[in-house]
Q: 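I'd like to ask some things about the structure below.
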Amino acid sequence: MKIKNVVVFVVVLFATIMLSATETRVASMGGVGFYMKDNSNVFAFPGTFNSYQGMVISELRVKNSDTSYSAGIHFPSNFGVYLNNPVTVNLPSSFEYVTIDNTMDLFYGLELTNYDLGVRIAYGLDSYLEEIPGTNLEEREAAHYYSLSVGISYENMDLGVNFELPGTKYEFDNEERTWGGFGLGLNYRSFLDRGKMQFVPVATFKISTTKYEYDTGVTGADVDETDYSDLSFGIGVGLNYKLSDQNLLVVGLEPFGMNSSKTEVKNGSKNTNVTMVLPGVYAGVESQIKSWLTGRFGLAQTFRIETETTKPYEEDEFTSSVNYKDFALTFGLGFKFGKFSLDAYVNEGLLFDGPNFISGTDQPIASKLSLTYDFE
């Protein structure tokens with residue numbers, strides 16, 4: 001059985017032209033991520049929460065899919081809450097009835113003398129219960145996900161630490177299946193000013209380990225066990241170049257990134273999957289065309305090597321390796337109407353085909369939308 005352990009979905013970016021920014025703005029600028037400051041940084045760097053007060057943020061990630069939407073409120077009192085925030089918890093396939101794909105996140109920020117302190121608590125729960133007619137038996141399954149993040153932010157440095165506890169349990173008669181463990185992550189970045197340019201070194205690290213156990217309930221039978229572990233880290237450097245008061249260029253270079261996922265069955269097979277990025281290049285441009293209109297353009301290219309090693313029980317291992325080259329162009333628009341801001345990830349196909357009344361295309365104008373209201 002092969003799964004990846006808990007990975008918290010995080011998208012972060014930075015705003016210099018508009019008061020607030022969103023996941024959509026990040027995506028439409030090529031995914032320059034940690035290399036800029038933005039209100040969405042609060043998930044990786046909770047200490048930045050104090051910088052974004054008095055706003056409501058909504059993320060509409062997939063058309064007509066309410067389950068993919070999320071919304072957050074940043075109160076002026078340094079307190080915040082996010083509803084239906086996405087998270088990725090890949091449970092073993094033997095758990096059929098429960099999933100954990102979103103959380104409720106609570107934030108609190110504290111402004112101290114020399115730095116800002118931020119705390120984020122996230123949790124997600126799911127459960128299933130069925131009573132078997134004509135018997136005293138019940139089939140139960142439950143899953144949980146808890147996360148605690150703490151961040152410290154100075155004027156030119158952000159540091160975030162995250163601790164995760166996922167788990168699930170299935171019970172029926174004497175049969176029992178359990179899965180759980182922990183994850184620990186670290187994110188760091190600093191901003192080095194050089195006139196109109198700003199260099200941003202970045203480092204990320206995460207380790208997680210979980211165990212799956214299956215007890216059939218049969219007296220004398222062995223308990224099946226499978227261990228899972230993930231290790232990932234990356235380094236990069238970004239460049240923020242303010243071309244003018246209305247134009248911004250952001251470039252990110254990730255010379256090396258790695259994710260290693262390992263699955264080991266007790267008295268059974270062992271599988272290891274390693275993905276290395278060598279390298280990744282990201283770039284985004286933002287231009288304030290009018291006071292109410294902002295244009296965005298981005299590109300990204302990564303070179304990946306995926307290596308998978310499998311060792312069957314009491315047999316020789318074998319390895320396969322594949323090289324990938326990924327490339328993407330992105331395009332977006334931002335609209336500002338008073339205290340409301342609307343960001344759109346625009347489908348570039350419309351630049352070729354035109355809207356529906358011209359070409360008859362059934363593609364939407366935008367594939368991702370974000371709406372922000374600043375009430376301060």
Side-chain angles (χ1 to χ4, degrees), residues 6-16 18-23 25-27 29 31-55 57 59 70 72-75 78-82 85-88 103-122 146-164 183-193 198-208 232-240 250 252 254 257 282 284 370 372:
V6 179
V7 178
V8 177
F9 174 77
V10 177
V11 182
V12 287
L13 246 202
F14 140 90
T16 56
M18 299 177 66
L19 177 61
S20 60
T22 57
E23 288 181 13
R25 177 175 181 260
V26 172
M29 290 181 66
V32 285
F34 286 179
Y35 302 114
M36 301 192 301
K37 292 182 179 180
D38 179 71
N39 55 38
S40 57
N41 290 166
V42 297
F43 294 98
F45 304 107
T48 64
F49 181 79
N50 297 290
S51 301
Y52 307 102
Q53 300 298 309
M55 62 178 63
I57 305 169
E59 303 286 357
S70 65
I73 304 175
H74 293 214
F75 296 99
N78 289 352
F79 174 75
V81 58
Y82 275 80
N85 195 51
V87 65
T88 301
T103 62
M104 175 182 286
D105 294 36
L106 303 176
F107 282 88
Y108 182 73
L110 187 62
E111 298 180 8
L112 302 176
T113 303
N114 297 319
Y115 59 90
D116 290 343
L117 176 67
V119 178
R120 177 178 72 97
I121 298 175
Y146 305 111
S147 176
L148 172 65
S149 301
V150 179
I152 296 176
S153 293
Y154 297 87
E155 182 178 354
N156 60 352
M157 188 277 290
D158 296 315
L159 176 66
V161 179
N162 180 63
F163 183 71
E164 301 168 341
L184 178 65
L186 176 67
N187 298 310
Y188 168 84
R189 67 181 181 181
S190 60
F191 299 91
L192 309 176
D193 292 323
Q198 190 176 59
F199 292 94
V200 188
V202 172
T204 64
F205 171 83
K206 181 175 181 180
I207 185 172
S208 62
S232 62
F233 62 90
I235 56 173
V237 61
L239 171 65
N240 297 335
V250 181
E254 182 181 355
Y282 315 90
S370 299
T372 303

Q: What verdict does the side-chain contact (heavy atoms from CB on, under 4.5 Å) test give for L117 and V150, after you've listed the backbone C-alpha separation in whole Å, the side-chain angles of each residue and the deciding distance to 0.1 Å?
A: CA-CA 8 Å; L117 176 67; V150 179; 3.9 Å; yes
Q: Measure the CZ-OG1 distance between R25 and T372 for me, rounded to the nearest 0.5 Å.
A: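 OG1 of T372 is found 10.5 Å from CZ of R25.
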Q: Side-chain donor-acceptor pair under 3.5 Å between D158 and S153, yes or no?
A: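 A donor-acceptor contact under 3.5 Å links the two side chains.
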Q: Are the side chain of H74 and the backbone N or O of Y52 linked by a donor-acceptor pair below 3.5 Å?
A: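 Yes; judged by distance alone, with no hydrogens or angles, the pair exists.
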Q: Is there a side-chain contact between L159 and F45, using heavy atoms and a 4.5 Å cut-off?
A: no
Q: Just how far is it from atom CZ of F205 to atom CD1 of I207, taken to the nearest 0.5 Å?
A: 5.0 Å
Q: Hey, could you give me the CD1/OG1 distance between I121 and T103, rounded to the nearest 0.5 Å?
A: 12.0 Å
Q: Would you check, one step at a time, whether the test side-chain contact (heavy atoms from CB on, under 4.5 Å) holds for N156 with S190?
A: CA-CA 5 Å; N156 60 352; S190 60; 5.8 Å; no
Q: Do E254 and Y35 make a side-chain contact, defined as non-hydrogen atoms from C-beta onward lying under 4.5 Å apart?
A: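 Contact flag for E254/Y35 side chains = yes.
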Q: Any idea which heavy atoms bring P46 and S149 closest together, and the distance?
A: CG-CB, 3.8 Å
Q: Can you confirm whether I57 sits close enough to N39 that some side-chain heavy atom of one is under 4.5 Å from a side-chain heavy atom of the other?
A: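 Side chain of I57 against side chain of N39, heavy atoms only: contact under 4.5 Å found.
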Q: In the structure I gave you, are the side-chain heavy atoms of L192 and P201 within less than 4.5 Å of one another anywhere?
A: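 Heavy-atom side-chain distance check passes, below 4.5 Å.
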Q: Given N240 and F199, is the side-chain contact (heavy atoms from CB on, under 4.5 Å) satisfied, shown in steps?
A: CA-CA 7 Å; N240 297 335; F199 292 94; over 6 Å; no
Q: Just wondering, do V119 and L110 contact through their side chains at under 4.5 Å, heavy atoms?
A: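 SC-SC contact between L110 and V119 ruled out.
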Q: Can you find a pair of side-chain heavy atoms, one from N78 and one from N50, that are under 4.5 Å apart?
A: yes
Q: Are R120 and L106 close enough that some pair of their side-chain heavy atoms sits under 4.5 Å apart?
A: no
Q: Determine whether R189 and N41 satisfy the following criterion, side-chain contact (heavy atoms from CB on, under 4.5 Å), listing intermediate values before the conclusion.
A: CA-CA 11 Å; R189 67 181 181 181; N41 290 166; 2.7 Å; yes
Q: Test ring pair (Phe, Tyr, Trp, His ring centres under 6.0 Å) on Y115 and Y154 and set out the steps.
A: CA-CA 5 Å; Y115 59 90; Y154 297 87; 5.7 Å; yes
Q: Which distance, rounded to the nearest 0.5 Å, do you find between the OH of Y188 and the CE of M157?
A: 6.0 Å
Q: For the pair E59 (side chain) and E23 (backbone), establish whether a donor and an acceptor sit closer than 3.5 Å, ignoring hydrogens and angles.
A: yes
Q: How close do S147 and E164 get, heavy atom to heavy atom, and via which atoms?
A: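 In terms of heavy atoms, the two residues are closest at OG-CG, 4.0 Å.
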Q: Do the side chains of F107 and Y82 get nearer than 4.5 Å, heavy atoms only?
A: yes
Q: I need the minimum non-hydrogen distance between F75 and Q53, along with the two atoms involved.
A: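 In terms of heavy atoms, the two residues are closest at O-OE1, 2.5 Å.
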